[in-house]
Amino acid sequence: MYILCPFKLYISSPLNGFSRFPSLVGQCGNQIGCRFWDLALREHSAVNKKGIYDEALSSFFRNVNTRTDGDGADLCKGKIRSLKARALLIDMEEGVVNEILQGPLRDLFDSKQLITDVSGSGNNWAVGHKMYGCQFRDQIVEKLRKTAEHCDCLQCFFIIHSMGGGTGSGLGTFILKVLEDEFPEVYRFVTSVYPSREDDVITSPYNSVLAMKELSDHADCVLPIENESLFDIVSKINQMTNCGKLGSTVKQTSLITSSAGGIKHNREKPFDAMNNIVANLLLNLTSSARFEGSLNMDLNEISMNLVPFPQLHYLVSSLTPLYTLADVNVPPRRLDQMFSDAFSKDHQLLRADPKHSLYLACALLVRGNVQVSDLRRNIERMKPSLQFVSWNQEGWKTGLCSVPPVGHSHSLLALANNTCVKPTFIELRERFMMLYKKKAHLHHYLHVDGMEQSNFSEALSSLTDLIEEYNQLDASNCGPAIDPPRLEIAV
Amino acid sequence: MSIITIQLGQCGNQVGREVFDTICTDLHGGHGLCSKKENESYLAAGRERFFSEEKPGVLAARAVLVDMEPKVIGQTLSLASKSGCWTYDHQSHFCQKQGSGNNWANGYCVHGPKHKESIMNLVRKEAEKCDRLSGFLTVMSMAGGTGSGLGAFVTAGLKDAYPSSFLLNHVVWPYGTGEVIVQNYNAVLTLSHLYQSSDALLVHENDAVHKICAQLMNIKQISFRDVNRVIAHQLGSVFQPASSSSSDGATQYSRSPLGDLMEVLVPHPEFKMLGIRNIPQMSENSLPYTTFAWPGLLKHLRQMLIANAKMEEGIDWQVRPPVPGLPASRKESLKQPGRFNTSIANLVTLRGKDIQSADLGGFRDPALYTSWLNAPEDTLTVWKTPRAFNKYEKSASLVSNSQFLLKPLDSVVGKAWKMFASKAYIHQYTKFGLDEDDFLHCFTTLEQVIASYGSL
Ligand SMILES: Nc1nc2c(ncn2[C@@H]2O[C@H](COP(=O)(O)OP(=O)(O)O)[C@@H](O)[C@H]2O)c(=O)[nH]1
Ligand SMILES: Nc1nc2c(ncn2[C@@H]2O[C@H](COP(=O)(O)OP(=O)(O)O)[C@@H](O)[C@H]2O)c(=O)[nH]1
Ligand SMILES: [Mg+2]
């Protein structure tokens with residue numbers, strides 16, 4: 001059985017001050033994880049029509065018999081009884097978790113999968129990392145072990161969190177370290193939502209930079225995501241579908257922002273459309289480990305192929321197509337468009353432009369009716385317009401999974417290890433410096449037990465080093481590439 | 001005599017299944033345009049070679065399936081069962097939960113030692129089913145992690161456990177621009193290790209086969225399945241029974257197919273890279289409307305050899321053997337196109353109608369061969385059978401030990417070396433216990449191979 005242990009941490013606290021998304025003021029509710037589980041169920045029920053608990057399903061879900069066994073002993077094969085998400089929900093306040101427990105997905109979780117507190121982290125990394133970390137370590141390890149015990153081959157942990165707040169940022173990165181200590185063999189993937197320029201959390205630059213050091217040191221791969229990019233994609237889709245002509249022909253379930261076909265909701269939440277994009281990202285990322293294909297791509301292949309140096313593990317992602325038109329014939333032109341779009345600036349989930357920066361490596365994860373010749377044609381076509389680092393001119397990794405996402409005939413997830421992430425990091429450092437120079441809010445952090453001034457300086461220098469590594473790569477690309485002399489052999 | 005096939009990793013299992021399918025289809029594909037007696041001895045030899053028959057009428061492939069993840073083997077077993085013509089022995093496979101992650105070191109240093117015993121047990125059980133074992137054929141890609149790393153480990157294990165059996169590694173060479181970014185590292189590590197323990201490496205380049213699918217088979221949207229069918233056809237055209245002696249009456253089929261092949265093609269352990277070409281190759285639809293004559297087929301096949309073309313279309317007819325006595329300007333033209341491809345030894349297999357009339361004089365020309373490795377009468381070997389192969393009334397295939405792989409090998413080593421010089425991805429390998437010296441050692445081995453083939 002294939003098992004991942006995706007693992008949810010992303011729960012938000014009330015937003016302070018002015019929000020870029022005014023409709024959200026006062027609403028809490030980060031629900032990326034929630035959206036993920038909903039869409040994962042939708043995907044598996046579309047493929048698995050017979051209701052049999054199969055290997056694909058077992059990667060995300062346990063199948064337990066709740067009636068005969070209170071403790072829910074795992075059933076292997078056979079009919080689906082009661083599915084439990086292989087996940088841990090952690091928040092230092094109760095609001096969102098309670099909402100999930102009262103919502104339509106409540107049956108997916110039981111109390112052993114929850115860790116909550118009442119007072120929140122106050123958008124303070126130190127509170128999440130140092131205080132709650134210390135306080136909850138044992139409980140977290142124990143629940144992790146319990147969750148892991150249910151997996152007969154634990155492949156990977158996913159952490160989904162935001163960088164700007166206190167709990168996801170602080171406790172989330174604390175858990176990353178715990179995972180490294182307790183499960184050193186298991187890969188750690190982190191999906192991190194970076195704060196936007198006009199973020200409502202004043203201390204978000206501190207929290208993000210402090211978290212960045214942990215991500216650089218302890219994660220295998222990080223998928224940085226920006227809410228602004230998600231927002232732009234949502235607006236673009238709304239524009240396209242509302243302009244009438246297109247609207248009638250788009251398949252509703254195919255929209256990457258849509259929940260159609262999922263479990264019925266009372267009302268859509270404002271973040272839902274954006275969070276659905278992230279949920280789809282995670283589904284596509286794991287599809288090849290769950291479903292068959294002619295060129296499988298396990299999760300450990302991602303870091304193996306895309307991470308040439310330990311710290312340079314930040315991958316910019318893009319998802320295409322954003323929706324599928326309802327007509328069934330797919331001219332090759334449209335298939336090729338999917339590949340072109342994946343490289344365009346406005347399909348990236350981070351405000352970045354990989355096409356005009358330097359690639360260290362690139363992965364294309366394709367789902368659906370796409371063959372190796374389609375891949376070859378498109379790589380050949382795209383190659384001339386992209387710059388790759390001199391020692392990795394053929395830095396392409398590809399996977400072919402034969403099961404397409406719900407509503408699509410094919411889809412593509414592109415992951416780029418590209419120096420285009422640098423501006424995001426530089427900007428983050430600048431915003432950090434603005435506060436740090438004035439020592440603004442510093443005392444809120446230094447109050448917390450275990451938090452030292454050195455945490456700030458070390459985090460800052462870690463980020464500076466990271467930026468410098470990207471600088472050097474960019475610089476090395478300017479001069480002429482000199483091939484290293486080959487080994488001489490005496491014949 | 002029998003051959004045990006060991007399918008390793010995704011590629012190995014997908015290709016391996018297609019090979020058994022092709023062979024089985026050929027065996028059941030009618031009378032093969034020859035006498036009944038001829039056909040029966042061909043069938044008997046073919047069956048013994050590749051299948052065991054535990055229950056009458058049910059052929060079970062003599063194969064061991066190995067992968068580190070379950071999906072491919074699951075699919076392979078079920079596709080074989082659905083063929084209705086043959087199956088795999090459902091005990092004879094080994095898989096784990098999670099693949100090797102394209103990491104050679106993971107396959108070689110971790111999975112190898114951990115699973116050696118279970119895998120070798122399966123091999124032993126297969127070997128016990130054979131009355132007479134000729135040797136092992138391993139099928140794998142060199143770009144991934146399981147086929148390449150575990151494959152190299154298992155190959156060394158086979159050599160230890162069965163020192164007197166022959167060991168041929170079929171290796172799928174990755175597309176130039178690939179599916180795996182660290183493919184050049186994995187390739188260097190695989191090839192250098194196989195070079196130590198294998199008797200010979202038979203190589204199929206994905207780019208070349210892909211082109212055959214596009215240009216000769218006219219396939220528009222090419223899948224791995226299409227590529228694998230061509231590979232399987234070529235392998236079948238060599239490994240199906242054929243005889244080296246052309247006595248009268250029913251053909252006497254080669255006793256030890258692998259042994260005979262190695263004996264004629266690998267005269268020196270420094271040279272063990274084998275390539276394969278065949279003619280004709282076309283889509284099934286055009287087959288009935290085409291007629292062939294031996295002189296034309298063999299003329300093309302010879303030019304494919306000397307001009308190093310992988311298929312009959314687009315051959316460079318300008319390339320000629322060097323005129324004896326003239327100094328060849330070798331060094332500078334080593335990797336250039338239009339260069340003459342020097343052979344060490346060749347094996348031509350002819351199948352089908354009028355084989356007696358086929359004239360192979362063109363392949364005997366001493367100018368085709370390097371002068372010092374073989375006696376002139378040992379450079380060319382011919383296998384024949386009047387039994388037609390896979391619907392082709394006439395067909396010829398050529399396995400050659402020549403400089404054909406020089407350019408791709410040089411390119412793979414060059415790219416890997418460039419990456420190595422920048423230390424990229426090294427940490428991924430050291431994590432599993434492979435260090436920089438191990439890499440250097442492998443680079444040295446392959447530079448040596450390049451130099452040796454280059455100096456022919
Ligand atoms: N994409 C997305 N971002 C969110 C969501 N909820 C909050 N955020 C962002 O997360 C950041 C605040 O972090 P939050 O998760 O509330 O803090 P925590 O609960 O202490 O981890 C801000 O940048 C918000 O814009 C959500 O549901 N989806
Ligand atoms: N010809 C062919 N090549 C394949 C096939 N599947 C994978 N490959 C090649 O094999 C390499 C990847 O190795 P793979 O066998 O998937 O890795 P493994 O499972 O770890 O051994 C790439 O170079 C692919 O081009 C196949 O079915 N046919
Ligand atoms: Mg594999």
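Lettering follows sequence order; numbering is per chain, from 1.
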Can you tell which part of [X] gets under 4.5 Å to a heavy atom of chain A, answering side chain, backbone, both or neither?
| X | answer |
| --- | --- |
| B:Glu447 | both |
| B:Tyr429 | side chain |
| B:Lys431 | side chain |

- Message: Quick check on the interface: out of A:Lys397, A:Glu394, A:Met304, A:Glu488, who has the most heavy-atom pairs with chain B under 4.5 Å?
- Response: A:Met304
Of the non-hydrogen atoms in [X] and [Y], which two are nearest, and what is the gap between them?
| X | Y | value |
| --- | --- | --- |
| A:Arg486 | B:Ile450 | NH2-CD1, 3.7 Å |
| B:Tyr425 | A:Ala361 | OH-CB, 3.7 Å |
| B:Gly101 | A:Asn300 | CA-OD1, 3.3 Å |
| B:Lys97 | A:Gln155 | O-NE2, 4.2 Å |

- Task: Indicate whether the side chain of B:Gln221 and that of A:Asp374 have a donor and an acceptor atom separated by less than 3.5 Å.
- Result: yes
- With a 3.5 Å cut-off and no angle check, do the side chains of B:Lys415 and A:Asn392 form a donor-acceptor pair? no
- Are B:Arg225 and A:Ser294 side-chain neighbours, meaning at least one heavy-atom pair lies under 4.5 Å? no
- Query: Taking side chain as C-beta onward, heavy atoms only, is A:Trp396 less than 4.5 Å from B:Tyr175?
  - Reply: no
- Message: Does anything in residues 305-313 of chain A reach chain B? List residues with heavy atoms under 4.5 Å apart, or say none.
- Response: A:Asn305, A:Leu306, A:Val307, A:Pro308, A:Phe309, A:Pro310
- Query: So which of B:Ile181, B:Ile219, B:Thr177, B:Asp226 has the largest heavy-atom pair count under 4.5 angstrom toward chain A?
  - Reply: B:Ile181
